[in-house]
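What follows is a set of notes on a single structure, which appears directly below.
Each chain gets a letter, A, B and so on, in the order its sequence line appears, and its residues count up from 1.
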There are 2 protein chains.
Amino acid sequence: MARTRAALLAAAADVFAERGYDGASVDEIARAAGVSVGSIYSRFGSKQDLFRALMTGHLEGDLHRVRSGMDAGPEQGLAELEAVLLETARSRPATLLDAESWAVAMRTPAMRAAVSDHHRRVRDEAAAMVARGRAAGGVDLGVPDDEVATAMIALFHGLVREYRLGVPGEAPPDLYSRMVHALATGLAALAADGGPPGEP
Amino acid sequence: MARTRAALLAAAADVFAERGYDGASVDEIARAAGVSVGSIYSRFGSKQDLFRALMTGHLEGDLHRVRSGMDAGPEQGLAELEAVLLETARSRPATLLDAESWAVAMRTPAMRAAVSDHHRRVRDEAAAMVARGRAAGGVDLGVPDDEVATAMIALFHGLVREYRLGVPGEAPPDLYSRMVHALATGLAALAADGGPPGEP
DNA sequence: GTCTATAATTTGATAGAC
DNA sequence: GTCTATCAAATTATAGAC
């Protein structure tokens with residue numbers, strides 16, 4: 001049944017997150033899903049393919065959400081980015097699975113392309129959002145949109161990591177959007193001050 | 001010998017980084033170090049304690065470097081932070097080991113305190129650096145130093161993650177210091193514009 | 001302190017009945 | 001498609017000789 005597939009992916013998300021890729025056993029995933037190990041190999045072929053299917057699904061879901069938010073404009077896009085950030089950071093499985101996806105991609109050449117491509121797509125989307133914001137506000141940031149997008153994404157993942165670490169007395173929920181705004185403001189100020197393009 | 005301990009820690013760094021904590025076997029670490037598995041258990045007691053010793057050493061080394069740089073002043077501190085960032089990002093074992101330390105800490109209560117405390121120390125150090133920079137420049141950033149420090153550290157780890165992903169055409173080496181400067185500039189501009197403290 | 005040999009489990013994966 | 005039973009290999013850790 002398709003029921004089995006869904007149950008397996010849900011169970012795999014929990015177990016892979018909690019134990020890590022190598023620490024998770026197919027037996028535990030099967031038990032958590034209420035099926036047998038045979039079903040896993042019948043549907044996914046191998047442990048690695050199960051993880052790949054799980055990871056790919058999550059990456060596509062995230063990209064879709066980010067794109068939807070950014071289609072509504074830069075302000076709405078940033079708000080959606082912050083919403084995704086908070087949801088991810090507040091979900092232990094989501095945070096651990098994100099980190100595990102990166103780690104597995106680093107160590108498994110066959111999986112690296114998927115994560116790398118996903119990252120490039122998100123970055124391009126963010127860069128386009130920066131370009132729209134620039135045009136709307138009529139400002140010059142003095143640096144390529146790609147670099148601003150890279151910083152935005154880095155801040156995103158870095159904050160997820162820090163939120164999860166749970167050091168007391170830090171990081172209010174709107175920190176991300178405030179810092180991105182400040183970054184844009186500062187870049188614009190430095191560009192206006194430091195040297196306009198086309199200056200002799 | 002103390003020789004054995006050093007060789008084991010060096011080998012453990014490589015193997016744990018390349019295979020992950022669960023993927024690494026004590027047998028492979030022993031082979032890489034040129035000793036036997038018995039020596040590992042004689043010196044470290046368990047696989048977990050070996051990892052703990054390795055991780056603790058790296059965390060202390062990083063903290064010491066960051067502190068040294070920041071003692072020389074905010075500008076020098078930021079430069080040192082960027083130097084550590086580039087060194088970490090350019091070293092595959094260093095990047096993977098950092099990520100693995102976080103992941104293991106998340107999953108092992110006994111290890112979480114070490115990573116969490118380390119993070120708090122680095123954040124406090126960065127916050128003190130921000131305070132000194134504020135005082136030197138006579139500016140108000142409008143937000144607590146802790147929040148600026150949190151953003152700086154998040155940007156640090158996020159950039160390490162992105163650099164290692166190796167998406168083409170991104171992230172020049174001085175991106176970090178430029179973005180931190182822009183962030184500070186933007187915060188100061190927004191604070192001056194939005195509302196001075198003590199205003200009626 | 002370091003080695004070799006081995007114990008005791010657990011692992012990913014498969015075969016074959018239904 | 002899903003199950004149970006099973007395999008072969010690998011795993012952490014220990015015991016005891018040197």
Side-chain angles (χ1 to χ4, degrees), chain A residues 1-57 96-97 100-101 103-111, chain B residues 1-57 96-97 100-101 103-111:
Chain A
M1 288 191 277
R3 198 82 184 176
T4 304
R5 184 185 161 88
L8 270 173
L9 286 175
D14 283 342
V15 177
F16 276 131
E18 207 51 50
R19 311 279 193 196
Y21 177 77
D22 283 298
S25 75
V26 291
D27 195 79
E28 182 174 358
I29 295 172
R31 258 185 289 117
V35 300
S36 68
V37 290
S39 291
I40 290 185
Y41 285 92
S42 164
R43 289 226 163 242
F44 294 98
S46 72
K47 180 185 178 179
Q48 194 178 132
D49 283 348
L50 171 60
F51 185 83
R52 195 206 315 271
L54 175 69
M55 187 184 76
T56 305
L96 290 174
L97 213 53
E100 196 64 20
S101 295
V104 170
M106 282 292 128
R107 294 175 184 130
T108 314
M111 300 231 186
Chain B
M1 286 190 276
R3 198 82 183 176
T4 304
R5 185 185 161 89
L8 270 172
L9 286 175
D14 284 341
V15 178
F16 277 131
E18 207 51 50
R19 311 278 192 196
Y21 177 77
D22 283 298
S25 75
V26 290
D27 194 78
E28 182 174 358
I29 295 172
R31 259 185 288 115
V35 301
S36 70
V37 291
S39 291
I40 291 185
Y41 286 92
S42 164
R43 283 214 172 253
F44 294 97
S46 72
K47 181 184 176 180
Q48 195 177 130
D49 283 346
L50 170 59
F51 186 83
R52 195 204 317 269
L54 176 68
M55 188 185 76
T56 305
L96 290 174
L97 213 53
E100 196 66 19
S101 294
V104 170
M106 282 293 128
R107 294 178 183 127
T108 314
M111 301 231 185

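- In this structure, CD1 in I40(A) is found 12.0 Å from CG in D49(A), a value given to the nearest 0.5 Å.
- Near DNA chain C, meaning a heavy atom under 4.0 Å from it, residues 45-55 of chain A has S46(A), K47(A) in order of number.
- Shortest non-hydrogen contact noted between A24(B) and V15(B) is CB-CG1, 3.7 Å.
- Against DNA chain C, the stretch residues 3-12 of chain A makes no heavy-atom approach under 4.0 Å.
- Across every non-hydrogen atom of L97(A) and A17(A), the tightest pair is CD1-N, 3.9 Å.
- The bend of the helix from dG1(C)-dC18(D) to dC18(C)-dG1(D), defined by the angle between the axes of its first five and last five pairs, stands at 0° to the nearest 10°.
- A distance of 11.0 Å separates CE in M55(A) from CD in E100(A), rounded to the nearest 0.5 Å.
- Within the model, atoms CD of E18(B) and CD of E28(B) stand 9.0 Å from one another, a figure rounded to the nearest 0.5 Å.
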Practice task
Give the intermediate values and the outcome of side-chain contact (heavy atoms from CB on, under 4.5 Å) for residues L54(A) and F44(A).
Solution key: CA-CA 11 Å; L54(A) 175 69; F44(A) 294 98; over 6 Å; no
Exercise for the section: Report the C-alpha separation of R52(B) and T56(B) in whole Å, then their side-chain angles, then the decisive distance to 0.1 Å, and conclude whether the side-chain contact (heavy atoms from CB on, under 4.5 Å) test is met. Expected result: CA-CA 6 Å; R52(B) 195 204 317 269; T56(B) 305; 4.1 Å; yes
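- For Y21(B), the ring-ring contact (aromatic ring centres under 6.0 Å, His included) partners are F16(B), F51(B), not counting sequence neighbours.
- The nearest whole Å value for the distance from the CG atom in D27(B) to the C1' atom in dA5(C) is 13 Å.
- Nearest heavy atom pair, residue S36(A) against residue A30(A), reads C-CB, 3.7 Å.
- R107(B) has its side chain within reach of L96(A): a pair of non-hydrogen atoms, C-beta onward, lies under 4.5 Å apart.
- Judged by distance alone, with hydrogens and angles left aside, the side-chain atoms of R19(B) form no donor-acceptor pair with the main-chain N or O of D14(B) at under 3.5 Å.
- Judged purely by atom type and a 3.5 angstrom limit, S42(A) has no side-chain atom pairing as donor or acceptor with the backbone of G38(A).
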Exercise for the section: Let me see the working for R43(A) and T4(A) under side-chain contact (heavy atoms from CB on, under 4.5 Å), right down to the final yes or no. Expected result: CA-CA 9 Å; R43(A) 289 226 163 242; T4(A) 304; 4.0 Å; yes
Exercise for the section: Step by step, work out the side-chain contact (heavy atoms from CB on, under 4.5 Å) result for V26(A) and L50(A). Expected result: CA-CA 10 Å; V26(A) 291; L50(A) 171 60; 5.7 Å; no
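- For the atom pair OG (S25(B)) and NZ (K47(B)), the distance works out to 7.0 Å, reported to the nearest 0.5 Å.
- Using a 4.0 Å cut-off on heavy atoms, none of the residues of residues 14-26 of chain B approach DNA chain C.
- First and last contacts of DNA chain D with chain B, using any nucleotide atom under 4.0 Å from a protein heavy atom and ordered 5' to 3', fall at dT11(D) to dT14(D).
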